[in-house]
J.: 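Quick one: this structure, given as structure tokens, is what I'll be asking you about.
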Amino acid sequence: QRNYLWSEEHCENLLKDIKKAILLGKEHFISPIYVKDYNTYSDIIDGQQRFTTISIMIIAIHNLAEELQKKKLLCGYPYSDKKLKEIKEEAEQYIYDKNKNIRLHLHKQDMLIYNTLASIPFDIAKKKLNDKQKNNLIFQNYKFIKQTIEKWVQEGIDLSEIVNAPKILYCCYITLENNDEAMSIFKRINSTGVRLDDIDLLRNKLIMPFDRETADKIYEKYWEKIEQNVKENNINKNMKKFLSAALPLVTKSLVVNSETKTNETQATSTFKLFSLYEYYYTATNKNDVDAVKSEKMLQKLLYYSKYYKELLEDENFFMEKAPLNKQKIYELRNITECEYADTLLMYLMEQLEKRTITEKEFADSVWPLTVYNVRSKVTELQKNIRQRDIQELTIKILRKKEENPRFDIADYIWKEITKDADSPEKQHILSKKDFQEFLKGESRYAALAKFNPNKAAKLFAESEQQYKDRYNYLNKLVDLYKAD
């Protein structure tokens, strides 16, 4: 489904409910679990976070019992070898199937931590796992849950009662019939308080058509490599940025998300990633079965992720020794801090690799955006170009290039940026002449402010008053005109 995301607070709330149920000796109802059943296993569509947390609790109880077999004492309470063996056997029924395989199958990164905690003592696990793995929420919540159980025992709750807690937890177990129904539930239901984002939905949609064995292979072949290309140290943030830039290239379209349409500051605000994917999924390759559609999509995303990886790597190269196209990317993304042009940059990188444009044509195509960005930041007189504007521009270029291989991309970008320059509603670039005049004015005032700050302040105040007087004079003229 997705990574394990529950925080310590989520775990604490569930543990409080379990403790209350144990003390009262009553059943406790938890939120429904939605599953899709197969011959030998079930996919949890909603409820994985709760299910995983309860499983972590059982592993903690099992390991605690194992520690007690060595210590013979817990918080002053004695436990016999027979009782500890029974507790361990009870816990193992939940953790393993009859063939001693771990029952719960998680996201690959979480599975490694989960398997380690389930198979070896905690003290050994701590030494085996690296620092990054120890920061995983499975590991962190395991420590918290184990400490909480130790407190319960100290308060007088028997460990054998805690290990049997799953027997007094009841839920509505809802089986879904097909992938579409499962996907609909997966999108709508978020009962845990950790909302699913578009990455969760997209990944689930892509992997769902495959059986478990094939799904694991598909995940490793495509999705895992995509994550590696967009850097794992900040995977969610980078995946959203990458997908928001790459999906328009894959789908050759944009879908506006009305819920976030007014907020243009977020990387994914111009369209909803999953909505765009669904549009592509239903509108293209209609004769393909779902699994074929999914693999084609993953192939394209992996293909564009290699270009995104280059964009990230270009943040740290030495400009003088870099090829011209790399220099232009660096100037746009890093020096002018442009964060909205990755869709266009990946498209141009693709065309350069295919040799449909030259390195000079690449540089000429990027240059207009660099100029626009510099003049915009210096003068603050231009409207900012939005990510959506560049994506729409890229899709137009993509289609025109398909129709006419000799299509001049750089010339088209200049024309699109400078068209309707007199209209305040349009995005337009400040002319070179106007920009030079602005810089001259800024330089004169800056020099005056540096060498004679009092005179500069007085001059500025006088200038401001002159504009106010002129404004009042014009208002009087308007009143006279109306009276006439």
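All of these numbers come straight from a predicted model, not from anything done at the bench.
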J.: Distance-only, no hydrogens or angles: does the Ser294 side chain make a donor-acceptor pair with backbone N or O of Ala291 under 3.5 Å?
T.: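 Between the backbone of Ala291 and the side chain of Ser294 there is no qualifying donor-acceptor contact (under 3.5 Å).
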J.: Can you check whether Asn130's main-chain N or O pairs, donor with acceptor, with Gln133's side chain at less than 3.5 Å?
T.: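 The answer is yes, because a donor-acceptor pair under 3.5 Å joins these two groups.
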J.: With rounding to the nearest 0.5 Å, note down the distance linking OH in Tyr114 to CG in Leu106.
T.: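 It comes to 6.5 Å.
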J.: Can a donor-acceptor pair be found, under 3.5 Å and without considering hydrogens, that links the side chain of Asn238 to the backbone of Val230?
T.: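 Yes; judged by distance alone, with no hydrogens or angles, the pair exists.
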J.: Is the closest basic N to carboxylate O distance between Arg388 and Glu392 below 4.0 Å?
T.: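 Salt bridge present between Arg388 and Glu392.
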J.: Would you call Leu344 and Ile397 a side-chain contact if the rule is heavy atoms closer than 4.5 Å?
T.: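 Yes - at least one pair of side-chain heavy atoms lies under 4.5 Å apart.
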J.: Any side-chain heavy atom of Lys241 within less than 4.5 Å of one from Asp342?
T.: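 When only atoms from C-beta onward are counted, Asp342 and Lys241 do not touch, as no gap falls below 4.5 Å.
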J.: CD of Glu90 to CD1 of Ile95: how many Å apart, nearest 0.5 Å?
T.: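 That separation rounds to 10.5 Å.
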J.: Where is the tightest heavy-atom contact between Pro368 and Ile413, given as atom of each residue plus distance?
T.: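 What the structure gives for the nearest pair is CB-CG2, 3.8 Å.
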J.: For His10 and Ser7, which heavy atoms make the closest approach, and how far apart are they?
T.: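 Here His10 and Ser7 meet closest at ND1-OG, 2.9 Å.
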J.: Yes or no on side-chain contact (heavy atoms from CB on, under 4.5 Å) for Leu206 and Trp223, after CA distance, side-chain angles and deciding distance?
T.: CA-CA 9 Å; Leu206 288 166; Trp223 193 268; 3.8 Å; yes
J.: For the residue pair His105 and Gln48, what are the closest heavy atoms and their distance?
T.: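 In terms of heavy atoms, the two residues are closest at O-NE2, 4.3 Å.
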J.: Do the non-hydrogen side-chain atoms of Leu15 and Thr53 ever get within less than 4.5 Å of each other?
T.: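 The answer is no, as the side chains (C-beta and beyond) never meet within the 4.5 Å cut-off.
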J.: Pick out which of Asn136, Thr116, Asn63 makes a side chain to side chain donor-acceptor pair (under 3.5 Å) with Tyr142.
T.: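 Considering Asn136, Thr116, Asn63, a side chain to side chain donor-acceptor pair (under 3.5 Å) with Tyr142 is found only for Asn63.
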J.: For the pair Arg103 (side chain) and Gln93 (backbone), establish whether a donor and an acceptor sit closer than 3.5 Å, ignoring hydrogens and angles.
T.: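 Pair found, side chain donor or acceptor close to backbone of Gln93.
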J.: Ile329 vs Glu310, test: side-chain contact (heavy atoms from CB on, under 4.5 Å). Steps then yes/no.
T.: CA-CA 10 Å; Ile329 290 173; Glu310 286 186 44; over 6 Å; no
J.: Heavy atoms only: give me the nearest Leu311-Arg333 pair and the separation to one decimal.
T.: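 For Leu311 and Arg333, the tightest heavy-atom pair comes out as O-NH1, 3.3 Å.
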J.: Has Glu8 got a side-chain atom pairing as donor or acceptor with Asn141's backbone, closer than 3.5 angstrom?
T.: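 Such a contact is absent between Glu8 side chain and Asn141 backbone.
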J.: Near Lys217 NZ, under 6.0 Å, is it more than 12 heavy atoms from other residues, nucleotides or ligands?
T.: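 Check fails, neighbour count at 12 or below.
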J.: Starting from the C-alpha separation in whole Å, work towards a yes-or-no answer on side-chain contact (heavy atoms from CB on, under 4.5 Å) for Leu14 and Ile54.
T.: CA-CA 9 Å; Leu14 178 62; Ile54 293 169; 3.9 Å; yes
J.: Do Glu12 and Thr148 have side chains that get closer than 4.5 Å, going by heavy atoms?
T.: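 They are not in contact (no side-chain heavy atoms under 4.5 Å apart), so the answer is no.
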J.: Could you give the side-chain donor-acceptor pairs of residues 346-353 under 3.5 Å, partners two or more places apart or in another chain?
T.:
from, atom 1, to, atom 2, distance (Å)
Glu350, OE1, Tyr304, OH, 3.0
Glu350, OE2, Tyr303, OH, 3.3
Glu350, OE2, Tyr304, OH, 3.4
Glu350, OE2, Lys354, NZ, 3.1
Gln351, OE1, Thr356, OG1, 2.6
Glu353, OE1, Lys306, NZ, 3.2
Glu353, OE1, Tyr307, OH, 2.3

J.: Salt bridge check, Glu403 against Arg399: does any charged N sit closer than 4.0 Å to a carboxylate O?
T.: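 So Arg399 does not pair with Glu403 through a salt bridge.
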J.: Could you pull out the closest heavy-atom pair between Ala60 and Ile145, with the gap in Å?
T.: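 Result for this residue pair: CB-CG2, 4.4 Å.
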J.: When you check the gap from the basic side-chain N to the acidic O, do Glu331 and Lys328 get nearer than 4.0 Å?
T.: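 So Glu331 pairs with Lys328 through a salt bridge.
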J.: Please tell me if the side chains of Leu137 and Trp6 come closer than 4.5 Å, counting only heavy atoms from C-beta onward.
T.: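 No, too far: nothing below the 4.5 Å cut-off.
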J.: May I ask you to decide if Asn101's main-chain N or O and Asn99's side chain share a donor-acceptor pair within less than 3.5 Å?
T.: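 No; judged by distance alone, with no hydrogens or angles, the pair does not exist.
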J.: Strictly distance-based, threshold 3.5 Å: is any side-chain N or O of Asp110 a donor or acceptor partner for the main-chain N or O of Tyr4?
T.: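 Yes; judged by distance alone, with no hydrogens or angles, the pair exists.
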J.: Using the side-chain contact (heavy atoms from CB on, under 4.5 Å) rule, take Leu5 and Gln49 through it: C-alpha gap first, then chi angles, then the decisive distance, then the call.
T.: CA-CA 7 Å; Leu5 297 173; Gln49 304 292 315; 4.0 Å; yes
J.: Check whether any side-chain heavy atom of Leu302 sits under 4.5 Å from a side-chain heavy atom of Leu298, and report yes or no.
T.: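 In short, these two side chains do not touch, never coming nearer than 4.5 Å.
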J.: Contact between Gln140 and Asn135 at the side-chain level, heavy atoms closer than 4.5 Å - yes or no?
T.: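 SC-SC contact between Gln140 and Asn135 confirmed.
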J.: So does Glu9 have more than 12 non-hydrogen atoms from other groups sitting under 6.0 Å from CD?
T.: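 No, the 6.0 Å shell around CD holds no more than 12 heavy atoms from other groups.
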J.: For the pair Asp158 and Lys83, find out whether any cationic side-chain nitrogen is under 4.0 Å from an anionic carboxylate oxygen.
T.: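 Judged by the 4.0 Å cut-off on N to carboxylate O distance, Asp158 and Lys83 do form a salt bridge.
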J.: Minimum heavy-atom separation for Leu301 and Ala246, please, with both atom names.
T.: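 So the two residues come closest at CD2-CB, 4.4 Å.
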